[in-house]
Amino acid sequence: SGPGFSFAFDVLAHSEDALIPYILDMFKASGVSEALAIPDATLLCFCKAVQGGYERNPFHNFHHAFAVTQMVFLMQREVME
């Protein structure tokens, strides 16, 4: 578990590009990428496509998407432990 695996993680302190490795870590830690046999390169391309699809606005942006994804990941981990 890394810094992105904490409820105290400050998403706004990171650039959008810096958040992508944390998303990859969440997919790996949850077992999703392994269960679906998603190669790392494919998952990386998917994350970058999602990032690129967001408009520039103050709330519904890639930082918000990361925050929601991370919160669901952390809550799921707590329930499963």
Pairwise side-chain hydrogen bond (donor to acceptor under 3.5 Å, both in side chains) hits with a residue in residues 55-74, at least two apart
Glu16-Arg56
Would you compute the distance between atom CD of Gln51 and atom CD1 of Ile23 and round it to the nearest 0.5 angstrom?
8.0 Å
Determine, using the 4.5 Å side-chain heavy-atom cutoff (strictly less than), whether Phe62 and Met71 are members of one ILVMFWY cluster.
yes
Which atom of Pro21 lies closest to which atom of Ala18, heavy atoms considered
CD-O, 3.3 Å
How close do Ala67 and Val11 get, counting heavy atoms only, and between which atoms?
CB-CG1, 4.3 Å
Tell me whether Val79 shares a hydrophobic cluster with Leu74, the cluster being built from Ile, Leu, Val, Met, Phe, Trp, Tyr side chains joined at under 4.5 Å.
no
Where is the tightest heavy-atom contact between Cys47 and Ile20, given as atom of each residue plus distance?
CB-CG2, 4.1 Å
With sequence neighbours left out, the residues meeting ring pair (Phe, Tyr, Trp, His ring centres under 6.0 Å) with Tyr22 are Phe9, His14
Treating Ile, Leu, Val, Met, Phe, Trp and Tyr as nodes and any side-chain heavy-atom pair under 4.5 angstrom as an edge, say whether Met80 and Val72 lie in one connected cluster.
no
Donor-acceptor contacts, no H, no angles, side chain residues 26-41, under 3.5 Å, sequence neighbours left out:
residue: Lys28; atom: NZ; partner: Asp40; partner atom: OD2; Å: 3.3
residue: Ser30; atom: OG; partner: Met26; partner atom: O; Å: 3.0
residue: Ser30; atom: OG; partner: Phe27; partner atom: O; Å: 3.0
residue: Ser30; atom: OG; partner: Val32; partner atom: N; Å: 3.4

Shared ILVMFWY cluster between Leu24 and Phe46, side chains joined below 4.5 angstrom?
yes
Pairwise side-chain contact, Phe66 with Val50, heavy-atom cut-off 4.5 Å (strictly under)
no
